[in-house]
Every structure is written in C-alpha cells, then in structure tokens.
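Note on naming: letters A, B, ... go to the chains in the order of the sequence lines (proteins, then strands), and numbering restarts at 1 for each one.
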Amino acid sequence: MVKAPLPQYLEILNPEQREAVLHTGNSETHSLLILAGAGSGKTRVITTKIAYLIREKGLDPRSILAVTFTNKAAREMADRARAIEPRAGDAMLRTFHSFGAWFLRRNGSLAALPPGFVIYDDDDMVSLLSTIMEGAPRAEVKIMAHGIARSKDYFLSPDDPELDLIDHRKLFRTTYARYEERLAKIGNVDFGDLIKKPVEILRQNPEVASRFRDRFKVIMVDEYQDANIAQFELLKELSGTGTYICVVGDDDQSIYRFRGAEVRNILEFPDRFPGTDIIRLERNYRSTAPILHAAASVVNHNEGRLGKELRSERGPGKKPVLAFLPDQDEEASFCAELISKAVKGSDSNTVKESETKRKTAKTESIENCRYSDWAILYRTNAQSLGFETEFLRRRIPYRVVGSLKFYEREEIKDALALLSFLVNPRDEVAFRRVVNKPSRGVGPSAIDKITEEAGISIIDELDGLSSPGDLAAASRRISPDLSAKARSGVAVFLKAIDAGRKALKETDSNFSPDADDDETGTVAAPSADIPGTTKKRPTLKGEGLQAGEGLSVCVVRLAEESGIAEHHLTHDEIAGNQRLNNLQELANAASLYPATMRGLLEFLEHIELDRSMEENSAGAGEDMVTLITLHNTKGLEFKRVIMTGVEQGVFPRDDKNGDDLEEERRLFYVGATRAMDELYFCSCGMRRMFGRTMPMEPSSFLREIDREGLRIIGKAPYGFARPSGTDSAGSPGKAGKITRSSDGRWQIGDKVFHDDQGYGTVAEIKEGEDGPIVKVHFETGHETRFLSLHQSSHFTKISED
DNA sequence: TAATCGATCTTTTTT
DNA sequence: AGATCGATTA
C-alpha cells in the first residue's frame with residue numbers, strides 16, 4: 001500500500017529495520033518483540049519508530065513512553081529521536097527508575113508517601129538495616145540488604161510465600177518486614193520501591209491506572225532482556241487493551257541477572273502478551289567477521305537461548321589477537337605499548353595537544369588512529385588501577401568510566417545527608433550520619449535518647465507525639481536531658497539545619513500530587529558542569545566555600561554552620577586532601593537549581609538517579625583511551641578493544657557455574673562485540689590479588705574459540721596450543737566429580753604443603769583437557785588449582801587421606 | 001568519648 | 001593492598 005517513495009529517514013533502513021519501524025499492529029496484534037543482535041541498529045530503529053509514529057501516524061508525542069535502563073541510553077534516545085523529529089522532545093523518554101520516581105512524586109500519597117520523599121541508595125539501606133540488626137556484622141547486614149533489594153526486584157513483599165526463593169530464613173522475613181516499617185515511618189523509598197510501589201498503586205487504584213492507560217498509547221522498552229519481574233509487572237499495569245507495546249532486546253546480552261534481571265521476560269514475552277509479532281535484526285554493522293566469529297563461538301556454548309545468527313555486513317578483517325603475558329604489570333605495559341605505537345604511527349605530523357582534527361579517512365586502519373579509538377575492558381573496577389598508573393607514567397590520556405567515586409566520598413555524602421535531613425526531618429539515616437559530624441560530643445547514648453523521644457524504635461506508640469518521627473523536634477524536646485556537651489553539639493546541628501532552611505525561599509512548599517503536568521517527560525536535568533569532571537579544580541579564593549547562585553547558598557550554609565567546612569579546611573591542609581574543593585564542586589552543581597524546596601528535591605533526586613558523570617562537556621569530546629568494566633560497555637562501540645584479565649578465576653570468576661557461567665559468557669559476548677576493527681585478549685600467567693601473587697590459567701572461554709579464529713602472541717601456557725577441534729566433542733560437560741586423579745597422584749582429602757601458601761587440603765579433582773586439575777583449600781582460606789601433570793612439583797604431599 | 005593501632009577479612013558486575 | 005571492625009589508650 002505504500003506506493004509513494006519513503007521519506008529519507010525510512011529509506012536508509014534495511015528491510016527488517018523498516019519492517020520494525022512501520023509495524024504498528026492491528027486488531028489482532030498490538031505488541032512487537034524485536035530481537036536485535038549486537039550492533040544491528042536497534043537504537044536507530046527505536047528512535048526512528050518514535051519519529052515515525054509522531055510524524056506519519058499523527059500520534060501525540062505525549063502519549064509515547066519509552067524506557068531504558070541507563071541514563072546514558074535515555075539521553076541518547078532522546079537526542080537521536082529529536083534529531084529526526086523535534087516533537088519527539090515531548091515524548092516521555094526515561095529510565096525505568098526515573099519514570100518510577102516521576103510517578104511517585106505525583107501519586108506517592110496513595111502509598112502513604114510524603115511529597116518530599118528522598119531516594120535511599122544501597123549504602124543508606126545498609127545503614128538503616130544496621131540499626132535494625134543491632135550488633136550484626138556488616139557482612140551479614142549487607143547480605144540482608146541484598147536480599148531485600150532482590151525481593152523487591154521480584155515484586156515480593158515480606159508476607160509473600162515465595163519469599164523463600166530469595167532467602168528462606170525466618171530472620172530474613174522479619175527483618176524485611178521491620179525494614180519496611182522503618183522506611184515507611186521515615187517516609188523515604190529505596191531503589192526497588194521506585195518500581196514496586198507504582199505497581200501497587202496502579203493495582204489498588206483503578207482510576208489512576210486507567211488515567212495512565214489513557215495517556216500512554218505506545219510503550220517501548222529498550223534492553224528488555226535486563227528487565228526484572230517488578231518492571232514486567234509495571235509494564236503490564238500500564239498497558240490496557242489499546243496499548244501498543246514494543247520491546248527490544250537480545251537474550252545473549254542479558255548480564256544483570258545478579259541484580260534481578262529475568263531473561264524469561266524476553267523469552268516468554270510472546271506468551272505474556274498474546275498477539276505478538278517477532279522481528280529479528282541479525283545484520284551486524286559494527287564488527288568485522290572474525291570478531292563476530294570469536295564472540296559467537298563463546299556464547300554458542302550456552303544453552304537456553306532464543307537463537308540468532310549475527311552476520312557481519314562489514315566482511316573480513318583482522319583476526320582477534322590473544323596475547324599471553326607474564327603478569328598484570330606486563331599486561332598494562334603491553335596495552336600501553338600497543339596503543340602508543342598505533343597512535344604515534346598514525347599522526348606523526350599532527351601531534352598537537354588540542355583536538356587532533358580528524359582527517360577525512362581514506363585509508364582506514366593506521367591513518368586515523370586516535371587514543372579515543374581504544375578501550376580497555378576489565379571484569380572488576382579494581383583492575384583499572386594498574387592501567388591508570390601505567391598510563392599516567394607514559395602520559396597516555398585516559399578516562400575511567402563508571403567508577404562513580406565522587407558521590408561516594410565521605411564529605412559529599414555528609415553534605416547530601418544534611419540536605420536530605422533538611423527536606424525530611426524524619427530521615428533517621430541522614431540524622432545518624434551527620435548529627436555528630438564533625439565530632440561535637442553527641443555520642444551513641446545521646447542519639448539513642450533522641451531517637452527514643454522521636455518514637456522511632458517503638459512501633460505502635462506514635463499517637464501521643466505531636467510530630468512522630470521528627471528528629472529535629474525530638475532533639476529540641478529532649479535537649480535538657482542531655483549532657484552539657486551533647487546538648488551544645490545538638491544545638492550546633494540544629495542551627496545548621498535551620499540556616500540551611502533559611503537559605504531556601506519560602507514560596508513553594510506545595511508539591512501538588514496529582515498535577516498530571518505539562519512538563520516534558522524527557523530526562524532533562526540542568527546539564528552543565530557535573531561534579532567530579534572538572535579538570536583543573538579552581539583553587540578556592542580566600543578560605544572557605546564560595547556560595548554562588550541558587551541552591552549553592554543552601555549547601556554552603558549547611559557546610560559552614562555544621563562545622564564541616566572548617567573541619568575539612570584544616571584537615572585538607574594536614575592531609576593534603578581535596579575535600580573542601582569537592583564540597584565546592586557539589587555547591588557548584590547545586591547552583592544550577594533554584595533555592596527552593598522543590599529545587600532541592602530535584603537536585604537530590606538527580607544525584608540519586610544519575611550518578612554517572614559521563615557524556616558531559618568534560619571528557620566526552622577529548623581524545624582519550626577509555627577504561628571501563630565489561631558491564632559498562634553495553635551499548636558502546638570502539639574501533640579497537642582490549643579485553644584484559646581473561647583468566648580463569650577473574651573472568652569467569654571461579655565461583656561461577658551453571659546459569660552464572662552462562663551469564664559470564666554473555667558478558668564476554670557483549671565485550672567482544674563492542675569492537676569494530678580490532679580485538680585483543682590479554683591473559684596473564686600470574687596476577688596479584690589481595691596482595692598475594694597467584695598463578696593464573698587462561699579463561700575457559702578462550703578455549704571455546706577455535707584455534708584458527710585467533711592469532712596467538714606471547715608464550716602460551718602448556719596445553720593451550722592444542723590441535724584445533726579437540727574441544728568440541730567433550731565440550732563443557734565432561735568435567736565430572738571424581739575422587740582420585742587419573743594419573744593416580746592425588747586424592748580428595750590429601751594434605752599438602754606449599755612453600756608460599758602453607759598447609760592445605762585437596763578439595764576437588766576434575767579432569768580437564770590437560771589432565772587432572774586439582775583444587776586445594778589452604779588453611780589461610782585461600783584456594784588454588786593446579787594441573788596435576790605439570791604443576792605437582794610445587795605441592796608436597798604430607799599425608800594420604 | 002575520640003582517636004589510634006592492629007587484626008581480619010575482602011572483591012564482582014549497577015539502576 | 002585496602003577497608004573495616006574491635007579493642008585499647010588518652
């Protein structure tokens with residue numbers, strides 16, 4: 001029926017992409033599942049579809065809701081959609097969590113939330129829990145916090161029978177229940193609540209649900225494989241009979257199971273939303289064929305996939321390189337060397353400090369190599385350190401993505417706690433954090449008296465109190481009963497809070513709950529300087545903090561009156577810290593918000609929901625190498641990628657098996673498919689971990705790639721350079737449980753001695769391709785594994801079991 | 001009550 | 001190696 005030539009923005013799509021964009025459903029079908037392999041242009045499809053719906057189908061932009069998982073993705077989606085169709089700016093494009101927060105700001109009263117609720121992060125969660133689990137070791141509290149977070153991801157309340165699946169202990173259930181009570185009394189929410197509570201509100205209030213169903217005619221979800229159960233429920237509640245739902249995802253890129261992501265969401269989508277059409281995007285425009293081949297070889301070892309075959313549109317290219325290196329220091333210098341050679345070799349004539357103008361690329365490979373073409377990928381954040389020092393030494397410019405240190409700094413968290421308490425005087429977590437900072441004589445006993453006066457620990461006796469839970473009010477009431485020291489300390493704290501409040505304009509204390517708004521839905525915080533990114537910190541003029549515009553006044557007043565500013569001023573000089581400067585940066589960031597209660601709330605919410613300091617003025621355009629965790633690379637691409645630490649125990653971690661191992665494989669797949677032109681793997685023979693140097697074996701994933709698919713450099717460990725094709729027959733299943741090694745040397749229970757590690761016991765024996773692999777538990781708690789055939793000499797047998 | 005020293009673990013991955 | 005927890009001392 002489409003006779004007229006398509007507009008250009010549709011013309012450039014390939015047939016599958018176009019089909020996905022033009023699909024709008026009919027009376028039978030009103031949902032679409034797009035299975036989009038890595039690099040297949042899925043963002044283009046989503047953004048084009050948004051534009052198409054508005055432009056060609058005449059849809060009101062405000063009736064479109066598109067959710068993603070990261071702020072970066074949300075911003076990119078908004079930018080690209082707007083570029084095609086400006087009106088897309090009025091569509092609601094947000095992360096799931098930011099949508100949840102938006103929803104609760106308006107409808108939170110239906111879940112008994114006060115209008116000024118603040119969002120607790122994982123640390124706050126732990127703090128609150130530790131007041132509930134008094135005396136419990138921190139590790140125990142963290143486990144509990146994790147369990148509660150997971151429960152909310154799975155949409156499980158404390159009284160749900162299925163809670164046993166998360167943690168079957170009675171203690172867990174009761175602790176979760178008490179946590180919820182305390183959180184409710186405080187009047188704040190945690191991350192999980194941002195999804196769970198909206199679902200509950202929608203279920204209990206049909207009129208609200210129908211309002212939302214009327215508003216959003218089209219709902220799209222990006223990276224759907226990362227959705228958890230609660231998010232699925234939210235999607236269901238938001239969609240009525242007339243809602244068109246389009247989800248996009250790739251089951252092979254599901255890497256957040258540990259956080260509650262449920263791959264079944266995407267696998268079972270067609271069943272849950274009957275009348276679903278499925279479109280596959282399998283043309284990869286990003287990587288050369290050999291790169292895709294290596295990536296696919298690994299992920300093909302997984303079971304339980306929808307199945308999908310990526311084809312490279314780019315054709316042949318360089319084989320991925322597998323480099324064997326002695327240790328992590330050599331690894332770092334190998335990477336540094338590789339990068340500098342490539343960069344220096346390319347632009348010997350234009351080595352200017354400023355932005356190297358990209359000459360129009362005639363010859364692809366060597367000609368145009370810049371630092372920013374390169375990315376170093378690693379499994380854990382801790383691994384970035386070695387590269388940072390090496391790059392610093394060699395003057396290689398780099399940026400570390402995602403180590404969100406700024407907001408985790410003590411002084412910043414303190415300042416934020418003061419701000420939170422200002423918003424909500426029932427915020428016990430914030431109160432405990434800062435009431436005695438810097439130390440001014442308010443100890444545990446004083447704090448206990450205050451919380452007791454506020455009625456916090458007594459669940460049912462709030463009635464007699466004028467302002468239940470209000471810790472500021474309680475402090476004032478109980479003040480005479482405190483020791484002189486504590487009394488004056490509390491007074492200072494209260495004075496600081498008061499000063500902070502006075503810095504806010506009186507005007508708007510109203511947060512009209514149900515004003516279903518005229519505001520734009522797109523994530524749009526003030527987007528100037530974000531703290532932590534400023535290259536050269538402005539040296540503070542004179543002494544102390546400088547208040548600027550808007551909300552910064554409030555931040556500065558709080559820091560000054562509380563004594564935190566002065567404390568850091570003196571401490572910075574002694575310890576050579578930057579803490580006062582950091583506080584200044586926080587104040588600078590705050591200056592973008594109005595000095596009102598509402599502005600303060602927005603500021604706090606923005607910080608809670610988007611801590612990434614990425615994609616802003618500093619760093620984005622500069623020519624630097626990217627250092628990044630594998631998880632953080634999702635959605636990104638680089639010309640040249642080095643995947644480091646590809647060793648058993650690091651990647652995959654050695655406590656991984658079954659489903660967890662499959663997730664690690666998908667992570668490998670994600671990492672490898674980031675590369676456009678060149679891909680490198682580094683595997684070290686030894687690695688320093690918690691201070692000790694440990695022998696390492698190459699990652700099992702590397703064996704899952706056929707020998708011809710890789711170019712190996714460096715000294716391969718014995719047994720790695722096997723003849724090709726050996727691994728397919730006995731693939732992963734062969735390693736069964738045995739008690740004695742096939743060479744007869746070792747038996748489970750044998751006592752051994754190792755020169756470095758001391759005494760240990762043989763705990764496990766497996767048959768690998770290179771003979772028996774023996775796992776030893778040492779008395780120190782460490783464990784190691786070694787190849788019986790080649791490494792037995794390091795272990796002396798003490799006794800046979 | 002606060003600060004300091006030593007011992008004892010620890011380490012995923014993140015909205 | 002670094003953080004964190006606990007006990008000891010000022």
Contact list (N/O, under 3.5 angstrom) for nucleotides 2-6 of chain B vs protein:
from	atom 1	to	atom 2	distance (Å)
B:dA2	OP1	A:G441	N	3.4

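Contacts of A:D122 with the nucleic acid, taken as non-hydrogen atoms under 4.0 Å apart, include base atoms.
Side-chain N/O atoms of A:N582 and A:E411 include a donor and acceptor closer than 3.5 Å. A donor-acceptor pair shorter than 3.5 Å cannot be found between the side chains of A:Y120 and A:D193.
What separates CZ of A:R150 from P of B:dT14 is a distance of 13 Å, to the nearest Å. One can place CD1 of A:I628 at 13 Å from P of B:dT13, the figure rounded to the nearest angstrom.
Under the rule for a salt bridge (charged side-chain N to carboxylate O under 4.0 Å, His left out), A:E566 has no partner lying at least two apart in sequence or in another chain.
Seen from the ring of A:F668, A:R665 does not count as a face-on cation partner, given the 6.0 Å and 45° thresholds.
Taking 4.0 Å as the cut-off between side-chain N and carboxylate O, A:E663 and A:R666 count as a salt-bridged pair. Here A:R75 pairs with A:D610 in a salt bridge; the nearest charged N to carboxylate O distance falls below 4.0 Å. Between A:D122 and A:K142, no side-chain nitrogen of the basic residue sits less than 4.0 Å from a carboxylate oxygen of the acidic one, so the salt-bridge criterion is not met. Salt bridge annotation for A:E76-A:R80: present, with a cationic side-chain nitrogen under 4.0 angstrom from a carboxylate oxygen.
The side chain of A:S445 places an N or O atom within less than 4.0 Å of a non-bridging phosphate oxygen (OP1 or OP2) of B:dT1. Close to B:dT11, at under 4.0 Å from its OP1 or OP2, lies no side-chain N or O of A:N381. Contact check, A:N71 against B:dT15: no side-chain N or O comes under 4.0 Å of OP1 or OP2. Distances shown here put a side-chain N or O of A:T629 below 4.0 Å from the OP1 or OP2 atom of B:dT14.
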TODO: Assign a letter to each nucleotide of nucleotides 1-10 of chain C from its 5' end: B, base within under 4.0 Å of a protein heavy atom; S, sugar-phosphate only; -, no contact.
DONE: B--SS-----

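Between A:F387 and A:Y378, the angle of the ring planes stays under 30°, which puts this pair in the parallel group of the 30/60° scheme.
Aromatic stacking is not marked for A:Y256 over B:dT14, as the cut-offs of 5.5 Å for the centres and 30° for the planes do not both hold.
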